[in-house]
There are 2 protein chains.
Amino acid sequence: MGITSKELAELCGVSRTTVHRALYNTGRINPETKEMILKKAKEYDFRPDLLARGLVTGKTFYIGVVIMDSDNRYFSQMLNAIVREARKKGYSVNITFHENNADIEKEQLCRLVDYRVDGIILSSIRKGTDYRKFLRGLNTPVVTIDNKVAKDLPFVGINGKKATYEAAEQIIEKGYEKVVLVCPPLADAARENVYVHEERAAGFTKAMRKHPAVKSVIIDGWDYAKKAFQELEEAGGRTAFFCTADIFALEIMQYFRERGKKVQRDYGIMGFDNIDILRYISPKLCTIYNSVEEVARNAVDLLFALMDEEEVPAERIVDYIPVDGETL
Amino acid sequence: MGITSKELAELCGVSRTTVHRALYNTGRINPETKEMILKKAKEYDFRPDLLARGLVTGKTFYIGVVIMDSDNRYFSQMLNAIVREARKKGYSVNITFHENNADIEKEQLCRLVDYRVDGIILSSIRKGTDYRKFLRGLNTPVVTIDNKVAKDLPFVGINGKKATYEAAEQIIEKGYEKVVLVCPPLADAARENVYVHEERAAGFTKAMRKHPAVKSVIIDGWDYAKKAFQELEEAGGRTAFFCTADIFALEIMQYFRERGKKVQRDYGIMGFDNIDILRYISPKLCTIYNSVEEVARNAVDLLFALMDEEEVPAERIVDYIPVDGETL
DNA sequence: TTGAAAGCGCTAACAG
DNA sequence: CTGTTAGCGCTTTCAA
């Protein structure tokens, strides 16, 4: 740290108030004193203590982010976009991970509030009215992303149900006789908020009901690759796997490859999210673009609106975009 | 925010000091008053204002991180590890990106200091004694990672030179008659700190000098995929590409695949870093594990030592680990 | 046009 | 064992 405003004031032979006025053009001030103060300020490289300012103004120009972690490719892209957006508006980002642990999530949220962040973006693993009450009790604007926590909490996400509905239709059109939904998180639905995946599963089942002739299977749980392989072996017609996240698709392709199964020849597969690493994967995975940048931008935007206490619609649904590939 | 310590004191009918003593076991206090205060504190969910505390104690329990961005897979893994390590020690992380812009880097560093972070981890794009002076002038412990900024600044990284030296030897042993080093950042060496890549290039050239019979080429600049392809076409013997980052290798493999070249049959290739997405890439890329977690752990560790004003060796070199694959 | 004084919420030295 | 007081560095009335 350099010099304080008090020291600067002494150096200039004026009061702290005058220094303040010179620096922030607030109130009337003699142009000459102002210039003199600015010169000295530059000379001594005065920079205000942001902690002290935050304490008195009640604004820290910080936003807090609580997500699972940044190992997950989707989240690290999200984080990147959030930091960028925030910076544009002069905000810094305080990042924390809950690591899929409900207690940690709560703890981190409290900590952020105690640091007086101006707002929070949260991808929660919790849900329900109790938790909504807790979030409200923080007395800090919170925007939820990905997983919806409760109906009336600000939320940004995509319409996953519609996306998977349409995708399933498309798969069926291609003539697959058996379509397997791979959705591991469903197994955790009792303990965690897996809204994102439930929505995607819902779209799938809705589509399958329309086509009773096509065989349909749902796989949940984290030994999904093995289960998927069994389904492929049993077969009973051309089989496609629809995964509720790209990462599951990649794991399965890997698993199948090691067992001599070739995509397109032996099976079809589709993912969801269009994470950036797909660029390096061959053959190109069919997927659905869950526009991270768009979600991030909207989340930050909505958060700022809430911080300004604007009356805003509490929900923003961003468009998804189907991405063509070579795996169906 | 909930209730303040002053309000809590009133509620309990004692002074703020007593409240403080009850909460933090400091100094003598009547067990009964203590219990009473703790009970009330819990009842009203008192949590101290961390900003105010930071202002008075001079410690914020924040560390700042300045890296390029979290699009880069290496950095997002790094970030993840740093946040984890920091949390273990009760610290939060304030994350900022410099986006390869020297001015932004400086600005972000200042901002972090003005927020009184207790220490900073920096992957810089600058170097030299002037910049070292600037960093010293921040009066905040700074640990540099990846790129060394100046000799006597705390630094954590791996021995890239030795790693590439050994790797090059290995490639040559496999009988390749031409080895191409792909190191795009070298083209930016005048403007940026590209220490990491310079080191890796140095190890390569050192090895090649030992084997004058093997043809050796160096490619820099960001149209490297095209250039690499030209080298392959010209050939003049079995050709291997040694890339100073996995990501370059992936781009090249992609580029070559689109042009009908098959790895191992038509060329050999090796990367550096062992980023996590390689797991999904087939064939498995030969590479060198740049132990992110290890680097992160050491960086945080070293930073804490500096913050405690311990006399510590300013440099920690972490081991790399060669990773076998199917691309040579 | 300038300055004095209060206060943000906390900690810490010093009295009682 | 408890309370008073001062102060971290800033902003913001209010008065001169």
Side-chain angles (χ1 to χ4, degrees), chain A residues 1-38 40-41 44-62 110-118 139-140, chain B residues 1-38 40-41 44-62 110-118 139-140:
Chain A
M1 299 293 301
I3 165 187
T4 74
S5 72
K6 191 177 160 197
E7 289 166 332
L8 181 56
E10 274 164 22
L11 244 29
C12 297
V14 299
S15 76
R16 255 144 87 232
T17 321
T18 308
V19 163
H20 192 253
R21 276 193 273 259
L23 293 171
Y24 307 111
N25 307 307
T26 157
R28 312 199 92 25
I29 186 175
N30 186 325
E32 282 168 29
T33 21
K34 176 171 174 179
E35 194 160 334
M36 182 267 280
I37 294 172
L38 288 178
K40 284 268 185 205
Y44 287 90
D45 189 28
F46 168 77
R47 296 196 317 263
D49 184 312
L50 267 16
L51 231 51
R53 173 183 289 177
L55 184 60
V56 47
T57 61
K59 270 185 78 69
T60 54
F61 290 91
Y62 258 106
C110 286
R111 199 182 151 103
L112 288 172
V113 170
D114 296 344
Y115 266 115
R116 299 226 200 164
V117 296
D118 295 336
N139 269 323
T140 302
Chain B
M1 301 289 304
I3 165 189
T4 74
S5 73
K6 192 178 160 195
E7 289 165 334
L8 180 57
E10 274 165 22
L11 244 29
C12 296
V14 298
S15 76
R16 256 145 83 233
T17 321
T18 309
V19 163
H20 192 253
R21 277 192 273 258
L23 294 170
Y24 308 110
N25 308 306
T26 158
R28 311 198 94 23
I29 186 176
N30 185 328
E32 283 167 28
T33 19
K34 176 172 174 178
E35 195 161 332
M36 183 266 281
I37 293 173
L38 287 177
K40 284 269 185 204
Y44 288 90
D45 189 28
F46 168 78
R47 297 197 316 264
D49 183 312
L50 268 16
L51 231 51
R53 173 183 287 176
L55 185 60
V56 48
T57 60
K59 269 184 78 69
T60 54
F61 290 92
Y62 258 106
C110 286
R111 199 181 151 104
L112 288 171
V113 170
D114 295 344
Y115 265 116
R116 298 225 199 164
V117 296
D118 295 335
N139 269 323
T140 302

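Each chain gets a letter, A, B and so on, in the order its sequence line appears, and its residues count up from 1. Note that the structure is predicted; figures quoted are calculated from it, not measured. These numbers come from the heavy atoms of this one structure, side chains and all, not from hydrogens, waters or symmetry mates.
Of the two residues contacting DNA chain D, namely F46(A) and P31(B), the nearest-nucleotide position lying further toward the 5' end is that of P31(B). When each of A52(A) and I29(A) is assigned the nucleotide of DNA chain C with its nearest heavy atom, I29(A) is the one assigned upstream, toward the 5' end.
The CG-C1' distance, from L55(A) to dA6(C), rounds to 14 Å in whole Å. With rounding to whole Å, L23(A) atom CG is found 13 Å from dT12(D) atom P. Atoms CG (L50(A)) and P (dT11(D)) sit 9 Å apart, rounded to a whole Å. Atom CG in L51(B) sits about 15 Å away from atom C1' in dG7(C), given to the nearest Å. One can place NZ of K59(B) at 24 Å from P of dG9(C), the figure rounded to the nearest angstrom. Atom pair K6(B):NZ and dG7(C):C1' shows a separation of 9 Å (rounding to whole Å applied). A straight line from CD of E32(B) to C1' of dT2(D) spans 15 Å, rounded to a whole angstrom. Rounded to an integer number of Å, the gap from I37(B) CD1 to dG3(D) C1' is 12 Å.
The two residues K40(A) and L11(A) come nearest to each other via the heavy atoms CE-O, 4.1 Å. The minimum heavy-atom distance linking R116(B) with G54(B) is given by the pair NH1-O, 4.0 Å.
The side chain of T18(A) approaches dT2(C) more closely than any other nucleotide in the set dG9(C), dC8(D), dT2(C). For S15(B), the side-chain atoms get nearest to dT4(D) when compared with the rest of dG9(C), dG9(D), dT4(D). Distance from the side chain of N30(A) is smallest for dT1(C) among the nucleotides dT4(D), dG9(C), dT1(C).
In this view, R21(A) satisfies the side chain to side chain donor-acceptor pair (under 3.5 Å) rule with no residue, not counting sequence neighbours. Applying the side chain to side chain contact (heavy atoms under 4.5 Å, CB included) test to L23(B) and every residue at least two apart in sequence or in another chain returns V19(B), L38(B), A41(B), F46(B). Listed by chain and residue number, D118(B) satisfy the salt bridge (charged side-chain N to carboxylate O under 4.0 Å, His left out) test with K59(B) (two or more places apart in sequence, or in another chain). Partners of E10(A) by side chain to side chain contact (heavy atoms under 4.5 Å, CB included), not counting sequence neighbours, listed by chain and number: K6(A).
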Donor-acceptor pairs under 3.5 Å, side chain of residues 24-34 of chain A to any protein atom, not counting sequence neighbours: which ones?
residue, atom, partner, partner atom, Å
Y24(A), OH, R53(A), NH2, 2.7
N25(A), OD1, K34(A), NZ, 2.5
N30(A), OD1, E32(A), N, 2.8
T33(A), OG1, N30(A), O, 2.7

Take nucleotides 11-16 of chain C nucleotide by nucleotide from the 5' end and write B, S or -, depending on whether a protein heavy atom sits under 4.0 Å from the base, only from the sugar-phosphate, or from neither.
BBB---

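Listed pair T33(A) / dT2(C) meets the phosphate criterion, a side-chain N or O lying under 4.0 Å from OP1 or OP2.
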